[in-house]
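The structure displayed is predicted, hence computed values, not measured ones.
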Number of protein chains: 2
Amino acid sequence: MRDETAAKPGRKPRIEDVAALAGTSPMTVSRALRGEGRVSPETLARIHAAVEALGYVPNLSASSLASRRSGILAVLVPTIGNSVFSETVRGVADAAEAAGLHLLIGDYAYSDDKRRQLVRALVGRRPDALVLVGAVQDEAARTLLRQHDDIPVVETWELSDDPVDMAVGFSNFSAGAEVARHLVGGGRRRCAFVGSAESRAAARLAGFTAALAEAGAAPPETETPADLSIEAGRVSLDRLLARAPDLDGVFFATDVMAVGGLLECQRRSIDVPGRIAIVGLGDLEIGRQLRPALTTVRIPAYEMGRRAGELILARLGKGAPPREGRIIDLGFSLVRRQSS
Amino acid sequence: MRDETAAKPGRKPRIEDVAALAGTSPMTVSRALRGEGRVSPETLARIHAAVEALGYVPNLSASSLASRRSGILAVLVPTIGNSVFSETVRGVADAAEAAGLHLLIGDYAYSDDKRRQLVRALVGRRPDALVLVGAVQDEAARTLLRQHDDIPVVETWELSDDPVDMAVGFSNFSAGAEVARHLVGGGRRRCAFVGSAESRAAARLAGFTAALAEAGAAPPETETPADLSIEAGRVSLDRLLARAPDLDGVFFATDVMAVGGLLECQRRSIDVPGRIAIVGLGDLEIGRQLRPALTTVRIPAYEMGRRAGELILARLGKGAPPREGRIIDLGFSLVRRQSS
DNA sequence: CTGAAAGCGCTTACAG
DNA sequence: CTGAAAGCGCTTACAG
């Protein structure tokens, strides 16, 4: 199968083999390799030589079991395919790396069922901590996580008033409301929302709707495409215009879809922001670069992951002490550009 | 810390506790939970009831250690921040899910040093398999992986003639060459390449250069921006034009940068493809949607991950038998659109 | 600074 | 269909 000549003859070396070759005990090898406790320089040198000679790589399943610390940071995301979520994962990864934790990723493909299964599966790995994109809605999952209350849990991208443990996010409701006020403030009277099936989009719509009502504007038209593509944004804009030709403001739940709306207006020679204002969410680079540049809600995607990681390190005693409580609102900001 | 009243009094239940409550042995519980071997329906029912009652979640570190199978599929990527790579990871994830494997992700942030460390660390988890984005160049890593030859390894995105174990990819050299032929065939005589520091971009440049020479065209101007952003593409185009005002064709190593080139031409009112032809690589949706639509090299990003996963499942005896050898060339295709 | 003993929580290999 | 014994490869908790 693979180059047999390069392979060592026997089975994989264990700590005992290293100890034997270095003329010491497994215990001392264990200490030396973890950099814990005092080990004499000579012993240390012999151990390192033995490790090198044998090509020894400690079995982390065994060390996890014995030490009751897995060194694993589990992350649960709706999909790794969405770049805003991968920004959050990068934030978590950066914090994890600083503490020498490995990232175990669960992608639940937006399926509630898969998410439930994944929570169980990940808990089975006894991770040192768990970060979720999104709040834990599911009662069974909440119970499970409460039961395993030695695992720090951070929910991100959403701020419930009752997180399982900790939360780092922003108010999707407020973001929607701010966009509505911005549009109405710019004289828009007939607005629409293009969202998705997830709870975060629903919260944005709720805030959007509430603020429109408060300002005396009509309730929003809505579109809920099956995916979050540029094409979905284009098609949604077409549909909305067919239903409500007098539309003058559209809030897309993601920048990707908003770019679709922008491009569709360009193709149909619809004046933006003259006739229609367009607002997105996420502050992707493409929105900044297009003309008219896209007005958007900037979300602290990377920062949420990073702070989630820091909260965890603090809890594990590996980082700075926590600066705030268990719920951190990182806020958002409306970035006014040319499209509104 | 967390709602204490909801927590069970004692420590976490073990398989022994489940067995005791169900009135059977740990061995039988183990069998029942793995769905292996025959267990009587009555025993099974009692076991499931006990699991439910105790909130038992098997400790996978223990089962990994005992069974010598971790149920982990390790994936090493240059960065999860790049959407083309996350497509590959999604492909791997889909295959992994079918086999009940968990994804352990190592993001080495394009650092050779981190990559080396991560290979060791991941091997320590004794993954059932390892997928890498990129070939294993490092000799130390190759030796380590050869030593652990019970771990199937698949390299993706690159096709070396001597992979550590298996490889699924395409020829970056050929892709570069094909773009060069396409440009020269369209009458372009003064071409440029905008790349990055990674080996895949270098291979594309090599192919690009070779084919230009073969066609009797001048060697390419090159730019190597520090990041792969749209802005980097814009700036690179500017620099190239400053150096070579007669430039008539640019190949960007990624669609993201190519979009920057396209937008910069738009802003400067440079006719594309009239004065300059622009070609990207990756076939991102934004390139399809812009006008002029971007000519690009379509890469089987998802498919590479998927096939890598399938090769692994075949090797582990969990999937269909392998259809081909250990090196699979998935090819690429030049998608001619309006920008060239 | 070093080590012998016990144990982490499962599964393998036997046996019935 | 079921179970007792041994062991997976480390680290904890003691002791010196």
- Base, sugar-phosphate, or nothing for A:S61, non-hydrogen atoms under 4.0 angstrom? nothing

- Task: For a side-chain contact (heavy atoms from CB on, under 4.5 Å) with B:L76, tell me which candidate from B:V133, B:V119, B:T156 qualifies.
- Result: B:V119

- Residue whose closest nucleotide on DNA chain D lies nearer the 5' end, B:G23 versus B:L65: B:G23

- Task: For C:dC14, give its Watson-Crick or G-U wobble partner with both distances under 3.5 Å, or none.
- Result: D:dG3

- Query: Can you tell me how far C1' of D:dC8 sits from CZ of B:R126, to the nearest Å?
  - Reply: 12 Å

- Under-4.0 Å salt bridge between A:R46 and A:E42: no

- Task: Hey, can you tell me if B:F85 and B:W157 have their rings parallel, tilted or perpendicular (30° and 60° cut-offs)?
- Result: perpendicular

- Given atom NE2 of B:H148 and atom P of D:dG9, what is their separation to the nearest angstrom? 12 Å

- With respect to A:V154, which candidate in A:I312, A:V164, A:D165, A:I328 satisfies the side-chain contact (heavy atoms from CB on, under 4.5 Å) definition? A:I312

- From CA spacing to verdict: salt bridge (charged side-chain N to carboxylate O under 4.0 Å, His left out), B:D138, B:R120: CA-CA 12 Å; B:D138 186 64; B:R120 282 199 113 252; over 6 Å; no

- Hey, does the side chain of B:S25 come within less than 4.0 Å of D:dA4's phosphate (OP1/OP2), counting only N and O? no

Short heteroatom pairs, N/O only, protein and nucleotides 11-14 of chain D, under 3.5 Å:
| from | atom 1 | to | atom 2 | distance (Å) |
| --- | --- | --- | --- | --- |
| D:dT11 | OP2 | A:S30 | OG | 2.2 |
| D:dT12 | OP2 | A:R34 | NH1 | 3.2 |

- Interatomic distance where CD belongs to B:E16 and P belongs to D:dG3 [whole Å]: 14 Å

- Task: Could you tell me whether the phosphate oxygens of D:dG3, OP1 or OP2, come under 4.0 Å of any side-chain nitrogen or oxygen in B:T28?
- Result: yes

- Polar side chain donor-acceptor pair, B:S160 to B:E155, under 3.5 angstrom: no

- Message: I want to check one thing: is the phosphate of C:dG9, taken as OP1 and OP2, less than 4.0 Å away from some side-chain N or O of B:Y56?
- Response: no

- Message: Measuring to OP1 and OP2 of C:dC10, would you say a side-chain N or O of B:R68 lies under 4.0 angstrom away?
- Response: no

